[in-house]
Amino acid sequence: MANLDDLYRDIILDHYRSPRNRGELPTPPARRVEGFNPLCGDELVLYVDVRDGVLVDIKMTGHGCSISQASSSLMSAAVKGRPLDEVRETIESFKTMMGLREASLSEGEASDDAGDLRSMKEINALAGVVKFPVRIKCATLAWNTLEQALGAPS
Amino acid sequence: MTSYDPRRVRIDTPIQERVINGHPIAYLDSASSSLPPRAVIEAMSRYYERHHANVHRGVFQTANEATEIYEGARAAAARYINAPGGADEIVFTKNTTEAFNLLANSWGVANLRAGDVVLISEMEHHANIVPWFHLRDRVGIEVRFIPVGDDFRLDLSDLEQLMRGVKLVSLTGMSNVLGTINPIAELTRVAHDHGALMAVDGAQWVAHGVTDVVATDIDFLAFSGHKMLGPTGIGVFWTRAALLDAMPPFLGGGGMIADVRLDGYVPADGPARFEAGTPPIAEAAGLAAALRYLENLGPEAIVAHERSLTVDALARLHGEFAERVRIIGPLDAVDRGGVISLDVEGVHPHDVAQVLDQYGVCVRPGHHCAKPLMRRFGLAATARASFGPYSLTRDTDALIDALGHALTLFS
């Protein structure tokens, strides 16, 4: 039986109550991308500032359920200030965790990246979402929107 | 007198024997779909086990039986809403939504011209909005909206103004979000005074009311089987015979023709003209059983029971949670059905429904196919609890208990 504690971990509730990186960035230089979840009405506006291959800043506005809000907040903390190739790797690890990608890394390997160990660990708090299949789309909204904002790798 | 006892109805509906996450199910989503009693399930099984054959034109015995069952359901539906012309005025559709598409595409296309107005309201289900937008784009009609006031009821203060150029008023009898029951008979008089016809979305109104199309004097009615203890896949479109006979076909194919030649076709008479293809026969058997079941309980008694549950739930939700749980709908139970939309402070409706599920409480989060209404009140979604003939006070107990847990978790 899927337990609510698997879904609503303390880290998730914390990021829901106090979301990180809320706000807007001037465009340009930042890019602005919108993400929607038409089924539940979740909306996310993402601002990403990429310079010299590094995601130097990220901010967001919008509204949604605790899972979508916490996921976007956790994501922003994990990717801010990191080179794009690492950001893309993080997106891939997250999607693997959500069961949306074939696992290519052994479990935990993605967390070994020096420097951002803590944010990756925090993202793992979302692992319980897979036990609630209808909520996976809530968790992935921000990540899909970020992927869209970054565009194809150059 | 009827023998209505909601506890008996509960025993009759097998799904309510289920235990969800260790809790007895508290099914509070009847506005989405109601739970069928055994009588309905058995009528459908019996049909497939004993009588199944295609309807009409069959000569062999089971084909005749299937036809009798199907046409018998038409008569049952006519009786249930007091259709003056009887079974010949009942068209079976897939659901309420298809009935509105039939109305717009058949009556609408034949009778509406560019500039004509269809007057609907801000509290309509998308089923009574989108088909009119289609017609606006195809024919150039104007779709006009009666606003909804802060009291969650239709704002009729500018009705005379709104009625200008209106050819059809099409309104929900009872909002599937607010629970508001609209003054259909009164608005039908206004429509007729202005030379307009009146269509009613009866998805909730027929399921949770006493329906009499003669007394209300409406012109069109749409409703769904599965909202009133029947199966999914069957709905009803009703209009008076004089109007129906003048309506051109909508869907084409087998069953809806009198003759087909290489240069064209002649449509069938009566409801068959609108029922292309093999119809939902088992579902018609189920619907007839549901209507018989409801008639035995007595629609008046069901309305009274659901009203007392609603009065109790509204008072207790307010008493228990005050402003932390806002009710999106009228707080007084006058002209109001058992649909209670909740806006829980600091908890998104999806999270409300997720926590409630942990306690076996089934409520629906979302926009309930009424996005213009959601926007009107600045909401993306609500968590909606709704009653049926089998609902009991203990469902409200479970709701309140689980809402307390949701508030604690997210506080």
Side-chain angles (χ1 to χ4, degrees), chain A residues 1-19 22 34-46 60-74 98 125-145, chain B residues 18-25 29 32 126 130 177 324 328 341-384 401-411:
Chain A
M1 187 177 95
N3 197 294
L4 271 193
D5 297 341
D6 295 331
L7 189 63
Y8 298 124
R9 307 276 291 272
D10 287 343
I11 293 169
I12 292 177
L13 293 174
D14 172 50
H15 276 260
Y16 175 53
R17 293 188 190 110
S18 327
R22 290 290 288 189
E34 295 176 3
F36 296 99
N37 211 331
L39 222 55
C40 38
D42 288 356
E43 289 178 18
L44 179 72
V45 182
L46 208 57
M60 61 193 67
T61 62
H63 58 82
C65 69
S66 62
I67 302 302
S68 77
Q69 295 299 289
S71 184
S72 56
S73 173
L74 284 159
M98 290 294 109
L126 286 160
V129 172
V130 291
K131 294 183 188 169
F132 298 82
V134 295
R135 305 303 295 275
I136 291 175
K137 61 179 168 40
C138 311
T140 48
L141 174 65
W143 300 80
N144 287 334
T145 310
Chain B
R18 289 210 42 192
V19 171
I20 306 285
N21 294 322
H23 300 266
I25 191 169
D29 197 23
S32 270
H126 297 162
V130 178
V177 177
R324 289 188 300 162
I328 309 301
S341 267
L342 305 172
D343 182 29
V344 181
E345 188 181 84
V347 194
H348 190 277
H350 269 78
D351 293 313
V352 173
Q354 188 81 64
V355 176
L356 265 53
D357 172 63
Q358 196 69 17
Y359 297 92
V361 179
C362 312
V363 300
R364 184 150 297 253
H367 52 63
H368 317 297
C369 296
K371 291 198 84 166
L373 183 65
M374 291 287 138
R375 287 213 177 84
R376 160 68 180 83
F377 291 104
L379 298 163
T382 67
R384 181 188 69 183
D401 189 45
L403 276 173
H405 289 296
L407 279 161
T408 305
L409 182 63
F410 284 92
S411 67

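Letters A, B, ... mirror the listed sequences (proteins, then strands); counts begin at 1.
- Contact of V355(B) with chain A is made through backbone and side chain together, with heavy-atom distances under 4.5 Å.
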Listing, residues 401-411 of chain B side-chain donor-acceptor contacts under 3.5 Å, not counting sequence neighbours, or none:
residue	atom	partner	partner atom	Å
H405(B)	ND1	Y359(B)	OH	3.4
T408(B)	OG1	G404(B)	O	2.8
S411(B)	OG	T408(B)	O	3.0

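- Here OH of Y8(A) is found 4.5 Å from CD of Q354(B). Values are rounded to the nearest 0.5 Å.
- L7(A) CG to Q358(B) CD: the interatomic distance, rounded to the nearest 0.5 Å, is 9.5 Å.
- Around CZ of R18(B), the count of heavy atoms belonging to other residues, nucleotides or ligands within 6.0 Å does not exceed 12.
- If you measure heavy-atom distances from L4(A) to chain B, the contacts under 4.5 Å come from both the backbone and the side chain.
- Residues that satisfy the ring-ring contact (aromatic ring centres under 6.0 Å, His included) test with H63(A), not counting sequence neighbours, are absent from this structure.
- At least one side-chain heavy atom of H348(B) sits less than 4.5 Å from a side-chain heavy atom of D42(A).
- Only the side chain of H367(B) comes within contact range of chain A, with at least one heavy atom under 4.5 Å from a heavy atom of that chain.
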